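Structure first, commentary second.
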There are 2 protein chains.
Amino acid sequence: MTAKLSIDLDRSSPVPLYFQVAEQISEAIQRGDLPPGSRLDNEILLADRLGLSRPTVRQAIQYLVDKGLLVRKRGVGTQVVHGQVKRSVELTSLYDDLRRAGQEPATRVLVLETGPADERVAAILGVPAGAEVLRLERIRYAAGEPLALLHNWLPVGLAPLTAEGLQERGLYELLRSAGVRMRVANQRMGARAATATEARLLGERRGAPLLTMLRTTYDDQGRAVEHGSHVYRASHYSLEVTLIER
Amino acid sequence: MTAKLSIDLDRSSPVPLYFQVAEQISEAIQRGDLPPGSRLDNEILLADRLGLSRPTVRQAIQYLVDKGLLVRKRGVGTQVVHGQVKRSVELTSLYDDLRRAGQEPATRVLVLETGPADERVAAILGVPAGAEVLRLERIRYAAGEPLALLHNWLPVGLAPLTAEGLQERGLYELLRSAGVRMRVANQRMGARAATATEARLLGERRGAPLLTMLRTTYDDQGRAVEHGSHVYRASHYSLEVTLIER
DNA sequence: GACATCAGAATGTCATGACAAATATGGCCC
DNA sequence: GGGCCATATTTGTCATGACATTCTGATGTC
């Protein structure tokens, strides 16, 4: 099933060619032009038709393979995956996820202050114990319902954070626009029963099951930029990730 | 800080050169020969010294960047990440995780039978509703304590599964050795309170918080090879993943 | 002394060419 | 008709060469 997908290239654009190719193949898959299981033309032919070299086409395909959209097999070819994979593993915040899902997220900032780091937080963030760190406590709502209780610690001076900014744009977006380039995150998920305080803030009864998440995010150079300890109402939220084996 | 790491290449080996390079750099990092923050030699010099081309060296480095061990910055160089990243996102089973952690996992097989698939499972596995599928129910123990209740559905005829095999080697290892090549998994995590049955099997009290996981694994060609619905004792287990932004 | 400009260094992107390895397909033989 | 084998196809790996882009640091000017 050779699909005839048309790809326009703009060689004057600063966007890399392999990325232009990858994006347009990705769009064709989303549109349904390339149904699951369909075969792409082979790399040589594709390169020839696009006026590109094979390595460039390979790079584009590899990018989509890493995202879980395509599957390659030597001697066979490249196919669109069958099972609809939601989306690749990405460094997103709850805020991003909600926005993407079309829900209107709202935030109430409970705490936004600097103070000395306790031993645990200092070790995680890689600062001396007792050094000043920014502490953040928020409630996240979706569709008017409380959804999660968010607790964060950040090194001071990383980005100018205000309660207004946090309410309107979310922590990750603020960090990104301040030039912080987040690259790796370590995330641990668990569950436990709600304490009385948590139950009150989230509108659950005491002892209700909560989904917990500990996350530490590192930047470009491996420096910790954020540590979070969050609890989600299990009745209203679950976390999804896609794992890909190289 | 130019590190002098020695890399031996075996050109007669079937192992790709880029992979040999990547593994030996990775080992040097684990050993501590390349401490966090240290800079690698630049790609051109490295290629020259190893007698390889720059693309091959780049491929090796890219592989480690994807695993979260290295960080590259244009105009600067390649560095070992600071924060110790545990391990990359991998397609592993609970059995693998426990083995790696040094715990001796044990399994009790409760159910191992074929039967008609209900509508939900049929849709997930991509088989006609009512088709025969393999159903599996197990309890996983670690250090003598019950840890999780595992529920799986698989297409029939994928691999010869026996209760003995499952007890000794785990599901994923059995699938792998049967030639099933798992590539992508979609995983959803949540939490809920234990039912009476679950509480009894796991040695918790009724209503205790459980970590839940739904996972569907796809192979090479995007065909679903396994669907699981598992519950873990939140008091004894949490799930860790590492996210990497390309 | 502070700021702007410029040069060097490193990775990012892309092209061309070649051979190796794995898979599926078809034909041949039994 | 079924199984084995040669072959064509396709991706995997590797080499060489070139130019672009970005960041750092040093130099020079005001």
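Chain letters run A, B, ... following the sequence lines, proteins first and then strands; every chain starts at 1. Given the structure is predicted, the values throughout are model-derived calculations rather than measurements.
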Strictly distance-based, threshold 3.5 Å: is any side-chain N or O of A/His230 a donor or acceptor partner for the main-chain N or O of A/Leu214? no

B/Leu9 CG to D/dT13 P: how many Å, rounded? 15 Å

Quick check: on DNA chain D, is the nucleotide nearest A/Pro14 upstream (toward 5') of the one nearest B/Val15, or the reverse? Name the residue that is more 5'. B/Val15

Within the 4.0 Å heavy-atom criterion, would you say A/Pro16 contacts the bases, only the backbone, or no part of the nucleic acid? sugar-phosphate

Which whole-number value in Å describes the distance from A/Ile44 CD1 to C/dA15 P? 14 Å

Atom CG of B/Leu17 and atom P of D/dG12: how far apart are they, to the nearest Å? 17 Å

Within less than 4.0 Å of OP1 or OP2 of D/dT13, is there a side-chain N or O belonging to B/Thr56? no

Closest listed nucleotide, where the reference is the side chain of A/Ser53 and the choices are D/dA15, D/dT13, C/dT16: C/dT16

Without decimals, in angstroms, what is the distance between A/Leu52 CG and C/dT16 C1'? 13 Å

Between D/dG12 (P) and A/Asp66 (CG): distance, integer Å: 11 Å

State whether B/Tyr18 places a side-chain N or O below 4.0 Å from either non-bridging phosphate oxygen (OP1 or OP2) of D/dC14. no

Taking B/His227 for the side chain and B/Leu154 for the main chain, is one N or O donor matched with an acceptor at less than 3.5 Å? no

Can you sort out the partners of A/Asn152 under side chain to side chain donor-acceptor pair (under 3.5 Å), two or more places apart, ordered by chain and number? A/Arg138, A/Glu226

Between atom OG1 of A/Thr78 and atom CG of A/Leu40, what is the distance when rounded to the nearest 0.5 Å? 6.0 Å

Listing time: all N or O pairs from protein to nucleotides 5-10 of chain C that are below 3.5 Å?
unit_1	atom_1	unit_2	atom_2	d
C/dA10	OP2	B/Asn42	ND2	3.2

Among D/dA15, D/dT13, C/dC14, the one nearest any side-chain atom of B/Gln59 is D/dT13

Would you tell me if any nitrogen or oxygen in the side chain of A/Arg54 comes within less than 4.0 Å of OP1 or OP2 on C/dT16? no

Whole angstrom value for the distance that separates C1' of C/dT11 from CG of B/Leu45: 14 Å

So, using side chain to side chain donor-acceptor pair (under 3.5 Å) as the criterion, who are the partners of A/Asp10 when residues are at least two apart? A/Ser12

I'd like to check A/Leu171 versus A/Leu166 (side-chain heavy atoms, cut-off strictly below 4.5 Å). Are they in contact? yes

C/dT23 P sits how many Å from A/Arg72 CZ, rounded? 15 Å

In this structure, how many angstroms lie between the P atom of D/dT9 and the CG atom of A/Asp48, rounded? 16 Å

What's the closest nucleotide to the side chain of A/Arg58 if the choices are C/dT13, D/dG12, D/dA15? D/dG12

Report the C-alpha separation of A/Met213 and B/Met189 in whole Å, then their side-chain angles, then the decisive distance to 0.1 Å, and conclude whether the side-chain contact (heavy atoms from CB on, under 4.5 Å) test is met. CA-CA 11 Å; A/Met213 185 177 100; B/Met189 283 144 299; over 6 Å; no

